[in-house]
Structures are given as structure tokens and as C-alpha cells.
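Input: a single structure, listed below in C-alpha cells.
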Amino acid sequence: MTINHPKHYTSMKPLKIFLLLITTLFFSLEGLAQTALTLEMIYKQRSPIATQGLTGIKWLKDGNGYSRIEPNEESGGVDIIRYDAATGNKSTLISASQLVVTETGKPLLISDYFWSTDNQKMLIFTNTKRVWRYNTKGDYWVLNLKDGSLKQLGNHLPVSSLMFAKFSPDDTQAAYVSENNIYVEELATGVVTQLTFDGNKDMVNGTFDWVYEEEFSCRDGFRWSPDSKSIAYWHSDTKGTGVFYLINNVDSIYPKIIPLPYPKVGTANSAVQIGIVSIKGGATQWIPIPGDPRNHYLPRMDFIPNSNELMIQQLNRAQNVNKIWIAQVGSNKLENIFTDTDEAWLDIRDNIYWIDNEKFFTWTGELEGWRHIYLISRDGKTVRPVTKGNYDVESVSGIDLKGGYLYFTSTMDNYTQRNLYRAKIKGDGKAELVSPATQKGQHRYNISPTGTWAIHTFSNDQTPPLIDMVSFPKGGSQRILVDNSQVKKTFDNMGLQYKEFVKVDIGEIVLDAWILKPQDFDPAKKYPVIVSVYGEPASSTVQDSWSPDLFNQFMLQQGYIMVSIDNRGANIPRGRDWRKSIYQKIGILNASDQARGIVAMGKMFPYFDMSRIGITGWSGGGSSTLNAMFQYPDVYHTGIAVASVPNQRLYDNVYQERYMGPPETSPEGYVHGSPITHASGLKGNLLIIHGTGDDNVHYQGFELLINELIRQGKYFSMLSYPMRSHGINEGENTTYHLRMSMVNYWLANLPAGGR
């Protein structure tokens with residue numbers, strides 16, 4: 001059978017910040033016992049509980065093996081190694097000696113690589129540079145396996161300026177972006193054709209502005225046509241977008257002003273168009289999509305397989321109407337074949353597969369209150385469900401066209417866990433469990449192209465990632481690839497604590513939560529509690545997966561109980577009503593659920609000292625912390641808010657308007673949901689922290705909050721980090737200093753230990 005995989009748009013939403021907390025000790029992993037953690041161990045040394053993974057896996061076309069990058073110690077370069085799926089035997093596909101650059105005599109260090117369709121050429125990404133959050137600029141080289149030649153693409157362009165290079169479907173050319181223009185290069189001759197010429201700081205071709213990358217996970221901004229004759233691409237005119245200025249005061253004697261086109265709530269977006277251009281050059285055919293390009297979004301576009309037609313998704317400004325358009329190369333014909341709507345918002349629709357000779361495509365929708373997969377005919381007239389039931393499909397792992405199955409991740413009975421299921425593409429919607437029923441936790445599958453093998457990853461709160469090769473779908477484990485059992489032994493020998501998952505009834509709804517208790521916990525005593533909060537629709541904090549946080553463990557050793565609660569609206573598979581109940585109520589509903597949740601837990605667990613309740617969070621969690629401290633001052637007594645959004649009107653329009661509606665439709669929601677509105681309610685101890693170089697959640701909001709707290713006569717503490725971004729992790733000792741400051745604040749203002 002053949003497994004097709006969806007195009008993945010990796011979203012690393014900065015409103016959900018998880019720091020990798022590391023630690024190490026000066027003795028062997030064997031025999032560690034009841035180790036007292038220190039911040040130096042966590043942030044300045046190497047961790048004895050760091051798990052091994054299996055990154056960089058690329059299945060080979062035949063589905064019988066996969067490749068990985070591995071270091072070549074002799075040369076200082078890297079090899080690309082093939083692993084046989086059935087036996088685990090390894091062989092060298094590409095050696096470091098094949099990657100030696102003649103001019104330097106040194107092998108390329110590979111950040112990523114891509115095979116041509118015929119597996120005779122390899123595209124190598126190296127010498128990368130960061131763009132906002134990710135390293136998407138660099139140099140690209142092509143290794144020809146037939147003649148051994150190694151040639152750099154775009155060598156007439158600035159060093160490390162190429163983005164998103166990819167082979168044409170016929171493997172004769174490569175296209176790439178440099179300095180916001182698109183180029184095509186013939187691989188045999190090296191002849192380069194420039195396709196766009198207006199690219200500059202305002203005009204963006206083949207990639208995206210800040211907000212499309214941040215909120216729609218759009219980075220690679222062009223697509224090859226299946227016949228290799230055309231390229232479709234996004235074009236963004238950012239000139240109408242408001243510009244936010246970051247001020248760098250630390251790198252020179254005069255400040256450096258850094259302009260950032262950034263559309264805040266209610267302001268103009270970039271004007272975005274989609275065009276098609278011949279690889280021979282010439283005029284672009286602009287797709288005549290109706291509507292103001294500054295008040296609509298075009299977050300997804302791709303060619304329909306085996307055709308010269310584009311499928312385009314168009315969201316309205318409120319993001320509750322998604323129109324699917326079909327456009328043709330060389331024609332102005334445009335057809336709206338399907339429209340999805342919701343009273344709240346619509347998420348971007350990925351997981352699209354074309355089946356039955358492109359007569360039908362899969363679509364993710366919430367037409368009956370749960371997130372399910374549907375089949376829609378090419379003309380949009382037929383819509384039928386693939387999956388059914390009172391559960392949400394979280395993601396699609398693959399589709400077996402020959403066997404007629406769709407594989408998807410979901411959960412049927414525990415919102416903190418994830419399993420793999422399958423359903424007949426043209427069946428009754430019944431879901432069949434694929435992942436082992438005996439392994440309770442979270443499962444991920446990387447399925448081979450032929451669907452005969454899969455790399456399976458399992459973990460839960462008490463089990464570090466176990467990675468094995470499985471005979472897919474039902475053949476069982478064939479071989480352990482990564483064990484990590486020693487990590488668990490070390491964790492236990494150090495006396496570290498596992499989470500206790502609990503259900504919290506707040507009256508109208510039951511919430512999921514976890515508790516971590518100190519090592520020397522005495523149920524007869526009362527302990528201070530610190531709530532770790534996120535609270536917004538982008539993420540969840542209560543998940544049964546391996547995610548040990550050594551800072552939390554450190555706080556346990558100081559004598560605190562650590563808690564986290566998922567309020568309504570958290571991004572978990574509990575149905576549309578759960579997720580979208582927070583619409584136009586961010587800062588209101590989530591703050592109420594969190595406060596009611598911790599009060600209910602105080603009644604459930606008499607060892608909670610309700611006179612010593614703290615709360616902390618980062619980004620959206622920082623905003624939730626502020627709302628907790630300001631709106632529920634009799635519940636929470638100490639809070640630490642990091643990188644928060646004090647005023648929702650100051651954040652980017654795509655995120656905030658998606659969940660709150662455009663400001664003209666919900667003006668009161670923006671006011672009541674913004675922490676700054678309630679600053680007069682502060683009674684307890686508050687520490688606020690922010691980076692001055694935060695391009696995501698601007699320092700501007702931090703300063704406005706300071707002004708309002710001063711105006712209200714409220715005492716607070718503050719800590720700013722010069723030119724640190726949203727993660728506040730740049731520069732030597734930054735993370736250590738931040739965590740040390742947090743610990744000192746907790747110890748000084750929320751007395752530790754059982755009483």
C-alpha cells in the first residue's frame with residue numbers, strides 16, 4: 001500500500017512557551033540518590049535525565065529504509081546513513097568525503113537535506129541564519145550522485161540568503177528565494193532565471209511577513225506546478241502595515257532602531273496576492289480572488305496533483321468563513337467550490353489529500369460539533385464523513401489509498417492522552433484502535449511511504465520516550481530504536497516526583513489538572529501552591545507525556561506544591577463547544593475557570609494552604625497570571641508574569657481577532673479581557689518580567705502596565721532584559737539569572753514549606 005502524508009505547517013506558537021530545563025551532576029548515572037537540585041545544575045551543566053531522540057528521519061522512497069545525518073569524527077563533517085527498516089543494518093548513503101567543497105577542502109555541515117524524486121540528486125541546506133524564530137536562510141548545494149559533482153545554487157547571490165530551495169517535479173531545475181525575489185536554476189547548465197524583480201523590504205515574494213509566519217505557520221511561499229513549467233507564489237505588499245520599532249540600546253553608543261511591520265488589532269494587514277509565473281519568466285498571472293486583499297487572508301495554497309489547478313483557502317478578516325477556490329494556470333477562471341463557516345472561528349485546514357484520481361479531497365471540519373474528517377467532491381457538491389463520533393480528530397498521520405484507510409490521532413476516553421486510530425475512507429466512520437491498548441499515554445507514528453513500517457514513539461508522565469520500529473499497522477514492535485530506560489532509573493534515583501492527574505469539578509464543567517508534591521510531603525501539613533498557567537486557546541498544559549521540568553522539581557525541593565489546570569478553551573480534543581466557549585472571552589472565562597479550579601482543589605486536598613497560593617505563566621500564561629492577580633486578589637497572593645500581553649489591542653491582529661473577533665464587534669470583550677483594565681484590583685505580590693527586544697509581545701505593553709500600576713498606587717516588582725526576545729534566553733547566564741530571580745521572589749513573598 002502507499003501512504004501519503006500531509007504537508008506539515010509546523011506551528012511553534014510563542015504564546016505557548018516551554019523552556020528546556022537541563023541539569024547534570026558530577027557523579028555517574030548509576031546510584032544517584034535523593035539529589036538536591038541547584039539552579040547551577042539545572043542551567044549550567046548537562047542533564048542526566050536528558051532523553052535521546054531520533055531526529056532527522058527521512059524515509060527513502062522504497063519504504064524499506066530511512067536516512068539520518070550522523071557525524072563523521074575523522075573528517076569533522078557528517079555522513080548520511082541508511083538504516084534498513086527490517087534489520088536495522090546501516091550503510092553509508094552519502095559520505096562526508098562526497099561533500100567536500102573544492103575551494104575550502106572541507107566538507108559541508110548539513111542542516112537539512114532533500115532527495116530528488118528519482119533519488120539521484122540531493123539538495124543540501126547549510127550555513128543557515130535565523131529569520132525571526134527559525135533558521136530559514138542559508139546556502140544550498142546540489143550533490144549529483146551519478147557523477148559525484150557538488151554545485152552551489154545561486155552562487156551569484158549574497159551568502160546565506162537563499163530560502164526554501166526545492167527541486168522541480170521533473171528533477172531538472174531548482175527554485176529558491178533570495179532577498180524577497182524568486183529564481184529558477186537549471187541544474188545541468190547552471191543558468192539562472194529571475195522570476196520576480198520587485199522584491200525589497202516592503203514587497204515580499206515567495207515568503208511571508210511576520211504575522212503570516214507567526215500565526216499561520218507560513219514560511220515557504222511558493223509551489224512548483226506538477227508539470228514543472230510554472231511556479232505559484234504568494235506576494236505581500238507590507239507598505240500599508242503599521243511599523244513597530246524595536247530599540248537596541250546595548251550594541252552601540254547610539255540606539256539602533258529596528259523597524260518591524262506588525263499589524264496590531266484593528267489595523268491594516270499586508271496586501272497579499274497569489275500569482276503564477278512561467279519558469280521562463282515573463283508577466284505574472286494574478287489570481288483574481290475577490291475581496292479587499294488587506295481584509296482577507298490567503299493562508300494555504302497548493303497545486304491539485306496531476307493538474308494545472310490551484311486550490312486556495314481564503315479566510316475573511318474575522319476568520320470564521322473559509323472559502324475554497326480553484327484557479328487554473330493560464331486562465332482567469334476562478335471557482336468557489338466550498339465554503340466552511342463557524343459562529344466563532346475556523347482553524348487553518350491542513351490534512352488535505354486527493355483521492356480517486358483527484359475526484360475527492362479530505363477536509364477537516366466541525367460540522368456536527370466535533371472535529372472530523374470529511375470527503376468533499378471536486379465540485380464541492382458532495383460532503384460525506386470519514387470519521388464519526390463524540391471525539392475530535394487531532395491530526396492525520398497518513399492515508400492508505402490501496403487499503404482504503406485514513407490514519408489519525410485522537411483520544412476516546414482521556415483528554416490527556418493520544419492514540420492512533422484508523423477508519424475506512426469510504427466506510428461507516430467507525431474508528432479502530434491501532435496503537436497498543438496496553439500503553440496508556442501519547443503515541444506518535446512516522447509511517448513509511450509504502451505503509452509497511454512505522455517509527456513509533458510512546459511516552460507518558462512516568463515513561464521517557466520509547467521509540468521502536470513497528471510492522472505497520474498491526475504487526476507489532478520489531479525492534480527498539482531508542483530505550484531511555486536509564487533516564488527513568490536516574491529520575492527515580494534522584495528522588496524526583498511524578499505528576500498526579502486529577503479531575504476538578506467546578507460546577508458546570510470538570511477540568512483536568514495535575515499536582516506535583518514535595519519529596520518529603522506530609523499530608524497532615526498545609527503547603528504553599530504555585531499554579532503554572534497558560535490558559536489561552538493555542539495550547540494545553542495538562543498532558544500525560546514525558547515532560548519533566550527540573551525547575552518545577554527544584555521548587556518541590558524548596559517546599560512548594562506545583563499545580564496546573566486546563567481551563568475551558570484550552571486546545572485539547574474535547575469538542576467544538578469546549579474549545580470555542582472562550583470566543584470573545586479570553587481573560588474572562590479562562591481567568592474564572594482557573595480561580596474556581598484552584599479553589600475547588602483546595603476543598604479536595606486539605607493540604608493546600610489557601611492563604612499561600614501563587615501563580616505564574618509566560619506569554620499568554622503571563623496574561624493569565626495578571627488577570628488572576630488583578631481579578632481574583634483574594635485567591636492568589638503572589639504572581640510572576642513573564643512576557644505578558646497586558647492590553648489585547650496591542651497584540652497582532654491575526655491571533656487576537658481570531659479568538660476575540662474584530663474589535664468593532666467585541667469592544668467590551670477587549671476591555672474586560674485585558675489585564676490592564678483590572679490593575680486596580682492588585683492586592684498581593686507581583687513580579688513582572690519582559691525582554692526589551694521582544695518582537696512578538698512588545699515591551700510597549702509592559703511599559704503601559706507599569707504606568708497604570710503606578711497611577712493606581714500599586715506596589716510591584718519588575719525586571720527587564722535588554723534586547724532579549726520573547727523566550728528571554730539570549731546571552732550568557734540569561735536563563736539562569738531569570739530563574740534565580742523568580743526563585744528569590746517566591747521564597748521572599750510566598751513562604752515555602754509545610755506547616
Between [X] and [Y], which heavy-atom pair has the shortest distance, and what is it?
{"X": "Asp566", "Y": "Ile572", "answer": "OD2-CG2, 3.9 Å"}
{"X": "Met723", "Y": "Thr692", "answer": "N-OG1, 2.6 Å"}
{"X": "Asn729", "Y": "Arg724", "answer": "N-CG, 4.4 Å"}
{"X": "Gly587", "Y": "Ala591", "answer": "O-CB, 3.6 Å"}
{"X": "Pro436", "Y": "His456", "answer": "CD-CE1, 4.3 Å"}

Do [X] and [Y] get their side chains close enough for a donor-acceptor pair, meaning under 3.5 Å?
{"X": "Asn460", "Y": "Thr463", "result": "yes"}
{"X": "Asp79", "Y": "Asn72", "result": "yes"}
{"X": "Gln712", "Y": "Glu708", "result": "yes"}
{"X": "Gln553", "Y": "Gln497", "result": "no"}
{"X": "Asp593", "Y": "Asn590", "result": "no"}
{"X": "Ser160", "Y": "Asn127", "result": "yes"}
{"X": "His443", "Y": "Thr409", "result": "no"}
{"X": "Glu40", "Y": "Tyr736", "result": "yes"}

Any [X] side-chain heavy atom under 4.5 Å of [Y] side chain:
{"X": "His726", "Y": "Ser619", "result": "yes"}
{"X": "Phe716", "Y": "Ile706", "result": "yes"}
{"X": "Val642", "Y": "Thr625", "result": "no"}
{"X": "Ile582", "Y": "Pro537", "result": "yes"}
{"X": "Asn414", "Y": "Asp544", "result": "no"}
{"X": "Thr734", "Y": "Ile728", "result": "yes"}

Is it the case that the ring center of [Y] lies less than 6.0 angstrom away from the ring center of [X]?
{"X": "Phe702", "Y": "His690", "result": "yes"}
{"X": "Tyr607", "Y": "Tyr527", "result": "no"}
{"X": "Tyr721", "Y": "His737", "result": "yes"}

Inter- and intrachain pairs under salt bridge (charged side-chain N to carboxylate O under 4.0 Å, His left out), touching residues 608-626, at least two apart =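 Listed by first then second residue: Asp609-Arg612.
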Among Tyr245, Trp132, Trp210, ring-ring contact (aromatic ring centres under 6.0 Å, His included) partner for Tyr262 = Trp210
request  = For the pair Glu536 and Ser624, evaluate side chain to side chain donor-acceptor pair (under 3.5 Å) and give the outcome as yes or no after the intermediate values.
outcome  = CA-CA 8 Å; Glu536 299 215 358; Ser624 294; 5.1 Å; no
All N/O donor-acceptor pairs, side-chain side in residues 499-506, below 3.5 Å, sequence neighbours left out:
from   : atom 1 : to     : atom 2 : distance (Å)
Lys499 : NZ     : Ser547 : OG     : 3.4
Glu500 : OE1    : Lys517 : NZ     : 3.1
Lys503 : NZ     : Asp512 : OD1    : 2.7
Asp505 : OD1    : Gly507 : N      : 2.8

message = Set out, in order, the CA-CA distance, both residues' side-chain angles and the distance that settles ring-ring contact (aromatic ring centres under 6.0 Å, His included) for Trp546 and Phe491, then state yes or no.
response = CA-CA 12 Å; Trp546 179 259; Phe491 188 93; 5.3 Å; yes
request  = Would you check, one step at a time, whether the test salt bridge (charged side-chain N to carboxylate O under 4.0 Å, His left out) holds for Glu70 with Lys90?
outcome  = CA-CA 11 Å; Glu70 296 188 1; Lys90 56 189 289 188; 3.3 Å; yes
ask   = Are Arg739 and Phe551 in a cation-pi setup, meaning NZ or CZ lies under 6.0 angstrom from the ring centre and within 45 degrees of the ring axis?
value =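 Judged by the rule (NZ or CZ under 6.0 Å from the ring centre, within 45° of its axis), Arg739 counts as positioned above Phe551.
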ask   = Should the pair Lys58 and Tyr113 be classed as cation-pi, given the thresholds of under 6.0 Å to the six-membered ring centre and 45° from the axis?
value =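 Yes, Lys58 and Tyr113 form such a contact.
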query = When you look at Asn749 and Thr638, which way does the side chain to side chain donor-acceptor pair (under 3.5 Å) test go after all the steps?
reply = CA-CA 7 Å; Asn749 294 282; Thr638 300; 5.7 Å; no
